[in-house]
Amino acid sequence: MALKVKDDMLSAGVTPNTVTWSSLISACANAGLVEKAIQLFEEMLLDGCEPNSQCCNILLHACVEASQYDRAFRLFESWKRNRVQDMPEDDKENRASNASSGITTARSRSSQLYGLNFAKELSFMPTVATYNILMKACGSDYYHAKALMDEMNTMGLSPNQITWSILIDICGSSGNIEGALKILRTMREAGIEPDVVAYTIVIKVCVENKYMKQAFSLFAEMKRYQIQPNLVTYNTLLRARSRYGSSLEVKQCLVVYQDMRRAGYRSNDFYLKQLIEEWCEGVIQCDNQNQEEFSSSMTDTERPQSLLLEKVAEHLQKNIAESLTIDLQGLTKVEARIVVLAVLQVVKEKYSRGHIISDDMLITLGIGKVDTIPDELELGVKDAITKLLQDELGLEVLSKGLEIASNTQMYLESTNHSTSNSEYLGSNELPTERRPVVMQRLMVTRKSLRQWLYKRSSLRR
DNA sequence: TTAGGGTTAG
């Protein structure tokens, strides 16, 4: 489209100026068309239009974005060489005597090498942005980037927030967490206030290296400096899932997640779900060493995903003294599995700290009228959870219905879903016209929970 | 009016 506008312009007899050419080059750069960008740059020179620094930077950036780092550096060098000829005569002579090769030779050679045929010399003056772009082209070479930063200082240019951020990123990406943290401090000392991007980069470095304590501490620090985390910051922190994370870690993530929602951001629940899932699945690792990996095909529909997270958060925040009750209403099979495993994970962690199981575990599946057929989803959840508890974990599961609408006696009903482990506890003998509301529940006996915990702890020894 | 830094999934 940009190129078409250019044609329209020319046919309308309008002469493109520096900004026009810059926009055209930028458009090509954004579309990843480096060759076309270079071609336009040459065309501009042939047209007698002088590029300014910004235009040159756009071209350099085009190369860097296309991973043509070497090309960016060679362009920069050739422009610097050309600048020598714009200098006063005496200065030029001094430089020429220092250089072994002639300037003209160097220029024509570079023109051939890089496919640039300059019709005119350019008065190129690097800016802070030029150095920032080139520092990005250093990849993970910290010393090269640092050298460029020193060079900009000698040129009388002051590194800005972007410069420092790039340096932190390069340092951190080579695994040097201490170094990255140190540069953040140096940046502040140099009078450049670290902004949200600088903090996000350092947090990213910590997260990548599983320095979660440090990551959360930086998150708190930026808040102290009144720097508001943005969506990128939150996502970077929430990406911090790690296998076998403790419930403390999961809890911290949930706190960040809640903070994020309070700040008005729509969270990407994907990571958090994965964190919780991985953390939960840790519960059955010991039990079934030969069992195939639980496939985590989250076939989520469009309904809000926060329900699952809220349920898990709710259970994580419960006190030790509270009874073991789980509400699975409204959850899918996979989500129900996650919530149940989350509770078991909490139970396991409490047990390892010396807590004793004094209650049965009660799982609510749904509420419906007696004799009405529970919906397919609910039956699926019941089936999946029963299988999980009985077959995968070897727990004793009883199927129970609790009448809650009419204030008559509580009764229990059996189901045809329970297997050998279940007890037959009676049948539904109520008159059908009364149709009280019944809560479908599963019960895991405390006895089997204790056995399970004991078995697990002895397995580890 | 044109340029430079941070995240990820499907």
Side-chain angles (χ1 to χ4, degrees), chain A residues 2 5-6 9 14 16-30 37 40-41 44 49-65 72 75-76 124-138 145 148-149 152 157-173 180 183-184 187 192-208 215 218-219 222 227-241 256 260 265-275 296-300 302 305:
Chain A
V5 172
K6 181 197 162 214
M9 243 177 122
V14 181
N17 66 10
T18 308
V19 176
T20 318
W21 286 108
S22 298
S23 302
L24 287 166
I25 294 165
S26 185
C28 290
N30 291 334
L40 280 163
F41 189 80
M44 173 187 189
C49 187
E50 183 120 3
N52 58 14
S53 293
Q54 198 162 337
C55 185
C56 292
N57 290 343
I58 290 168
L59 195 63
L60 286 181
H61 189 228
C63 297
V64 175
E65 280 292 283
L75 273 175
F76 178 62
F124 172 66
M125 196 53 111
T127 64
V128 176
T130 314
Y131 282 98
N132 290 345
I133 294 164
L134 290 172
M135 280 170 72
K136 275 298 283 182
C138 291
L148 280 167
M149 198 158 148
M152 66 190 286
L157 297 167
S158 305
N160 61 14
Q161 286 175 318
I162 298 174
T163 320
W164 285 102
S165 299
I166 296 167
L167 193 69
I168 293 170
D169 199 20
I170 292 173
C171 182
S173 59
I183 299 168
L184 187 76
M187 174 181 182
I192 307 295
E193 193 86 359
D195 62 359
V196 62
V197 179
Y199 269 104
T200 304
I201 292 169
V202 196
I203 289 172
K204 175 195 72 178
V205 170
C206 293
V207 166
E208 279 174 350
L218 283 162
F219 183 72
M222 69 185 284
I227 300 159
Q228 291 309 315
N230 61 22
L231 190 61
V232 180
T233 319
Y234 283 116
N235 282 339
T236 303
L237 201 50
L238 289 180
R239 193 173 50 123
R241 57 179 210 280
V256 173
M260 180 179 186
Y265 289 108
R266 275 203 54 181
S267 67
N268 181 350
D269 291 342
F270 185 83
Y271 297 118
L272 205 49
K273 259 171 96 167
Q274 229 164 357
L275 165 77
S296 60
S297 53
M298 296 275 190
T299 51
D300 294 313
E302 272 66 50
Q305 298 185 354

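In what follows, chains carry the letters A, B, and so on, assigned in the order in which the sequence lines appear, proteins first and then strands, with residues in each chain numbered from 1.
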Would you indicate what [X] reaches in the nucleic acid, counting non-hydrogen atoms under 4.0 angstrom: base, sugar-phosphate, or nothing?
{"X": "Val64(A)", "value": "nothing"}
{"X": "Val202(A)", "value": "nothing"}
{"X": "Ala198(A)", "value": "base"}
{"X": "Thr127(A)", "value": "base"}
{"X": "Thr233(A)", "value": "base"}

So, OP1 or OP2 of [N]: does either fall under 4.0 Å of a side-chain N or O from [X]?
{"X": "His61(A)", "N": "dG4(B)", "result": "yes"}
{"X": "Ser26(A)", "N": "dA3(B)", "result": "yes"}
{"X": "Lys136(A)", "N": "dG4(B)", "result": "no"}

Practice problem: Please work out the stems of DNA chain B from pairs that are Watson-Crick or G-U wobble with both distances under 3.5 Å, keeping only runs of three or more consecutive pairs. | Solution: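 As far as DNA chain B goes, consecutive pairing (with distances under 3.5 Å) yields no stem.
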As a test of reading the structure: which of [options] is closest to the side chain of [X], going by heavy atoms?
{"X": "Glu65(A)", "options": "dG4(B), dG5(B), dT2(B)", "answer": "dG5(B)"}
{"X": "Val232(A)", "options": "dT7(B), dG5(B), dA3(B)", "answer": "dT7(B)"}
{"X": "Ile58(A)", "options": "dG4(B), dG5(B), dT2(B)", "answer": "dT2(B)"}

Quiz item: Under 3.5 Å, is there an N or O donor on one side and an acceptor on the other linking the side chain of Asn230(A) and the base of dG6(B)?
Solution: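 Checked by distance alone, the answer is yes.
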Expressed as a whole number of angstroms, how long is the span from [X]:[atom1] to [N]:[atom2]?
{"X": "Leu237(A)", "N": "dT8(B)", "atom1": "CG", "atom2": "C1'", "result": "14 Å"}
{"X": "Ile25(A)", "N": "dG4(B)", "atom1": "CD1", "atom2": "P", "result": "14 Å"}
{"X": "Phe76(A)", "N": "dG4(B)", "atom1": "CZ", "atom2": "P", "result": "17 Å"}
{"X": "Tyr234(A)", "N": "dT7(B)", "atom1": "OH", "atom2": "P", "result": "18 Å"}

